[in-house]
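Read the structure below first, then the notes.
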Amino acid sequence: MKSAVETLNPTRVRLTVEVPFEELKDSLDAAYKKINQQVTVKGFRQGKIPARVIDQRFGRGAVLEEAVNDALPKFYTEAVNEGELNPLGQPEVDITELKDGELLAFTAEVDIRPAIEIPDYSGIEVTVDAVEVSEEDIDQSVEQLRERFATTAPVERAAAEGDIVVVDLEAKVDGEVLEDGVAQGVDYTIGSGQLLDGIDEAVTGLEAGGSATFASELKGGSAEGKEAEVKVDVTAVKSRELPELDDDFAQLASEFDTLEELRADSRKRLEQMKKYDQATQAQEKVLDELLALAEVPVPEKLLADEIETRKHNLVNHQLGQMGLDLAKYLEIQGKTEEEFDAETKEQAEKGIKTQFILDELVNKEKLSVGQEELTEHLMRRAQSSGMSPDQFAQAVVEGGQVPMLVGEVARGKALAVVVEAATVKDSNGEAVDLDDEDETAETVEGAAASSDEAAETDAPAEAKSEG
């Protein structure tokens, strides 16, 4: 077999392959054997029909077609290996010549992983938010905890904002009560905005036993988007009572004896959260700077496939679970379809570029992934997916996704190398030391895989397309 490689652009090549006919012998034998098992000829036992009879009865062309289809993947793979190529996706094959007994010639166009020159990243400088926890931050944190321990008590007075009302609802459209427009015993906090537009005004000032009618556009159900007349009956009014902020509350809501200790712990937790956010911000900014320094070509077909996959996952998985379609989602987000398409393309392109350059860094720095690192990553992914580690591991193995997870961890380590070499300062001009942050590699694994920690529905571009 002879092969040659023609570079069409930095991400696509054309292979030209010539195969002497004798190298098709095994595939020809297999073709005759396969046809033998599928056809019958009077006077011959099935499986024992001579080749010349098959040629006469069914045509030599049918045999050659079967043999070529069987042989092409093997010769294509040999040509790829000979050219030391890293193909992405399936090739477009065109048989240019087939001379019986003499020659098979074909071309194959395929996207390839581009050659990337890693830029000098030692001069990267980024600025991140300073880790500052104010008394107001602590007050808000403690207040949120206080809200969790609020109690309710029935009251004999008119309902006001912040109260909880228990209501029965009945929705009519064009004078007809909807089958799915009746609900009873619904708890609603006035002012929360979590039910129907207009309900706050309708129930405010009503006591238990009171009723009101209001108009509202339905946000779901069989008459979604239609204007409905909604009757609301208030069956109970409850007030929310917050516990006093004192040592007793600290003992009720935590393992601490005093409110002062509880506030000190809140400060500590908020500082840890802000440090985590700071590390994540540093990694994202360093990655953006790295991508700006490097020239990373993106294969057009790979980009188109990645965009389509992201759209599919959003519409059929994320939005589907919320009962939304793309049009409703865009309305909620206040975006046009053109803006959404542009953002999706930008995100997909960044994800592919991130993969390419970090994979190149993995090779350059000779980074490897240990079993312990892979196990830790698997545990985190299992937690974010809502599955047990055993269930997630089984799904990963059965889906052939282990190499994908290894790639995520390796890319996380590669980005950690760049972050370590970069100069990171906070908004106060102070140097930020990320060496002690366990998240340095952890928080970039999802970004390096061009996904938000959703491997089952949003696998990295290469993982879906390579091979």
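Below, each value reflects all heavy atoms present in this structure, side chains not excepted, and no hydrogens, waters or symmetry copies. FYI, the numbering just counts along the sequence from 1. These figures come from a predicted structure and were not determined experimentally.
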Should the pair [X]-[Y] be classified as a salt bridge under the 4.0 Å nitrogen-to-oxygen rule?
X: Asp341; Y: Lys345; result: no
X: Lys285; Y: Glu289; result: no
X: Arg12; Y: Glu92; result: yes
X: Lys238; Y: Asp163; result: no
X: Arg263; Y: Asp139; result: yes
X: Glu135; Y: Arg267; result: yes
X: Arg146; Y: Glu143; result: yes

| Under 3.5 Å donor-acceptor, Gln251 side chain and Asp257 backbone | yes
Any donor-acceptor pair under 3.5 Å linking the side-chain atoms of [Y] with those of [X]?
X: Thr258; Y: Asp247; value: no
X: Ser122; Y: Asp120; value: yes
X: Asp233; Y: Ser211; value: yes
X: Thr280; Y: Asp277; value: no

| Flag if over 12 foreign heavy atoms under 6.0 Å of CD, Glu147 |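 Counting neighbours around CD of Glu147, more than 12 heavy atoms of other residues, nucleotides or ligands fall under 6.0 Å, so yes.
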| field | Glu229 atom CD, over 12 foreign heavy atoms within 6.0 Å | value | no
| query | Could you give the distance from CG (Asn363) to CG (Leu358), rounded to the nearest 0.5 Å? | reply |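 So the CG of Asn363 and the CG of Leu358 are separated by 11.0 Å.
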